[in-house]
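What follows is a single structure, written as structure tokens, with notes after it.
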Amino acid sequence: MQNLKSFQPAPDALKDRVILITGATDGIGKALAIACAKLGAQVIAHGRNQKKLEAVANLVTDSSTRPMALLPLDFEKAGPAEYEAMTDAIETNFGHLDGLVHNAAMLAERAPIEHHDVPKWLRAMHVNTNAPFILTRYCLPLLKKSADASIVFSSCDVATDARAHWGPYLVSKWANEGMMRMLADELSNTKVRVNSIDPGVTSTKIRLQAFPAENRDALAKPEEVINGYLFLLSSSSKGTTGQQLAGN
Ligand SMILES: NC(=O)c1ccc[n+]([C@@H]2O[C@H](COP(=O)([O-])OP(=O)(O)OC[C@H]3O[C@@H](n4cnc5c(N)ncnc54)[C@H](OP(=O)(O)O)[C@@H]3O)[C@@H](O)[C@H]2O)c1
């Protein structure tokens with residue numbers, strides 16, 4: 001797996017690129033949204049909480065950066081019609097998409113298979129795997145309008161190294177790897193590349209839920225793990241597709 005921690009984007013690496021980031025209200029997605037805006041992108045920040053979205057947008061105060069567009073949608077509750085309305089709004093406002101980052105996810109229960117609550121399992125699979133599918137399905141026409149588009153899935157070490165009790169989080173990450181590879185093959189004759197990236201252990205809400213007793217100060221901060229994402233979203237990664245990469 002190629003490690004992209006040392007990638008350094010040029011100050012205008014994402015100039016004028018229209019990039020949709022899911023789960024931009026916290027953790028890695030929030031750090032990535034801010035970094036993309038500072039590198040010149042038109043960021044479309046997705047989240048389920050309007051107030052948190054506004055707070056993230058307000059963190060980018062530099063007058064030379066474009067204001068973020070905000071897309072509130074709860075992946076647990078939304079149906080296809082809401083995704084379609086969301087992509088219609090992107091088309092009306094921006095005409096196309098250059099980047100789509102499937103970052104939002106929930107950890108869900110960690111337990112032996114026979115102890116899992118079925119509705120909770122289905123909810124996690126819906127947020128972590130069905131939502132990236134539905135969003136990709138509706139965004140593809142907009143991505144195909146770009147001269148250089150990039151779809152990025154969030155991977156995790158549990159997607160290469162299966163281990164007990166990780167429940168729907170692990171299964172959804174394996175499913176997303178399969179979706180990434182299938183999509184890369186389907187789009188191999190287009191200008192849309194598709195990859196996944198494992199940010200590595202990062203101090204965020206999901207990590208805290210998984211390992212509550214861990215010393216958070218010893219972990220990487222979200223701002224320290226995003227260079228790989230910036231590589232995949234910039235033209236530097238042209239020609240890279242179907243790859244599972246490491247960001248830290
Ligand atoms: N942290 C790590 O060590 C690590 C390691 C490997 C991979 N990853 C991956 O990195 C990605 C980002 O995770 P993170 O660590 O930054 O965690 P995080 O801070 O908990 O961020 C998760 C994001 O997903 C959003 N989200 C959760 N459920 C949602 C729903 N139903 N609808 C819409 N949005 C929803 C959250 O929204 P709210 O702000 O409203 O909660 C938040 O913005 C995930 O795909 C994760 O699997 C993380």
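All of these numbers come straight from a predicted model, not from anything done at the bench. Whatever order the structure lists ligands and atoms in, that order sets their numbers, starting from 1.
Put simply, OG1 on Thr202 and CD on Glu223 are 10.0 Å apart, with the number rounded to the nearest 0.5 Å. With rounding to the nearest 0.5 Å, the separation of CZ in Arg48 from OG1 in Thr25 is 7.0 Å.
Under a hydrophobic-cluster definition in which Ile, Leu, Val, Met, Phe, Trp and Tyr are linked whenever side-chain heavy atoms come within less than 4.5 Å, directly or via other members, Phe75 and Leu107 are assigned to different clusters. Clustering ILVMFWY residues whenever any of their side-chain heavy atoms sit less than 4.5 angstrom apart, transitively, puts Leu230 in the very cluster that holds Val43.
Between the side chains of Asn176 and Thr129, a donor-acceptor pair is found at a separation under 3.5 Å.
Taking the charged nitrogens against the carboxylate oxygens, Arg163 and Asp157 do have a contact shorter than 4.0 Å, which makes a salt bridge. Here Lys38 does not pair with Asp62 in a salt bridge; the nearest charged N to carboxylate O distance is not below 4.0 Å.
The atoms of ligand 1 that sit less than 4.0 Å from any heavy atom of Lys205 are 19 (O), 20 (O), 38 (P), 39 (O), 41 (O). Contact atoms of ligand 1 toward Val201: 3 (O) (distance under 4.0 Å to a heavy atom of the residue). Each of the following atoms of ligand 1 lies closer than 4.0 Å to a heavy atom of His46: 33 (C), 34 (N). Within ligand 1, counting atoms from 1 as listed, the ones closer than 4.0 Å to a heavy atom of Asp74 are 30 (C), 31 (N), 32 (N). If you number the atoms of ligand 1 from 1 as listed, the ones under 4.0 Å from a heavy atom of Gly27 come out as 16 (O), 19 (O). Under a 4.0 Å criterion applied to the non-hydrogen atoms of Gly200, ligand 1 contributes the atoms 2 (C), 3 (O), 4 (C), 5 (C). Ligand-side atoms of ligand 1 in range of Ser155: 6 (C), 7 (C), range being under 4.0 angstrom from any heavy atom. The Asp198 neighbourhood of ligand 1 comprises atoms 6 (C), with distances under 4.0 Å to a heavy atom of that residue.
Cation-pi geometry between Arg193 and Phe231 is not met: the NZ or CZ atom fails to fall both under 6.0 Å from the ring centre and inside 45° of the normal.
Heavy-atom separations between Asp157 and ligand 1 are all 4.0 Å or longer. Heavy-atom distances between Gly47 and ligand 1 stay at or above 4.0 Å for every pair.
In terms of polar-atom proximity, defined here as any N/O pair under 3.5 Å, Thr25 does make such a contact with ligand 1. At least one N/O-N/O distance between Phe75 and ligand 1 falls below 3.5 Å. Looking at ligand 1, you won't find any N or O of Asn49 less than 3.5 Å from one of its N or O atoms. Any N or O atom pair closer than 3.5 Å counts here, and Gly23 shares at least one such pair with ligand 1. When only interatomic distances are considered, the shortest N/O to N/O separation between Lys173 and ligand 1 falls below 3.5 Å. At least one N/O-N/O distance between Ile28 and ligand 1 falls below 3.5 Å.
Comparing Asn128, Thr204, Val127 by heavy-atom distance to atom 15 (O) of ligand 1, the nearest is Thr204. Evaluated by nearest non-hydrogen atom to atom 11 (C) of ligand 1, the leading choice among Thr202, Asn103, Asn176, Thr22 is Asn103. Remark: among candidates Cys156, Pro132, Ala104, the nearest residue to atom 6 (C) of ligand 1 is Cys156, based on non-hydrogen atoms.
Protein heavy atom closest to atom 46 (C) of ligand 1, with residue, atom name and distance, is Tyr169 OH, 3.5 Å. Annotation: atom 40 (O) of ligand 1 to nearest protein heavy atom, Arg48 NE, 2.9 Å. In this structure, atom 22 (C) of ligand 1 lies nearest to the protein heavy atom Ala105 O, 3.8 Å.
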Exercise for the section: I would like to know whether Glu91 and Lys145 meet salt bridge (charged side-chain N to carboxylate O under 4.0 Å, His left out); could you show each step before the answer? Expected result: CA-CA 10 Å; Glu91 175 149 42; Lys145 287 187 185 176; 2.5 Å; yes
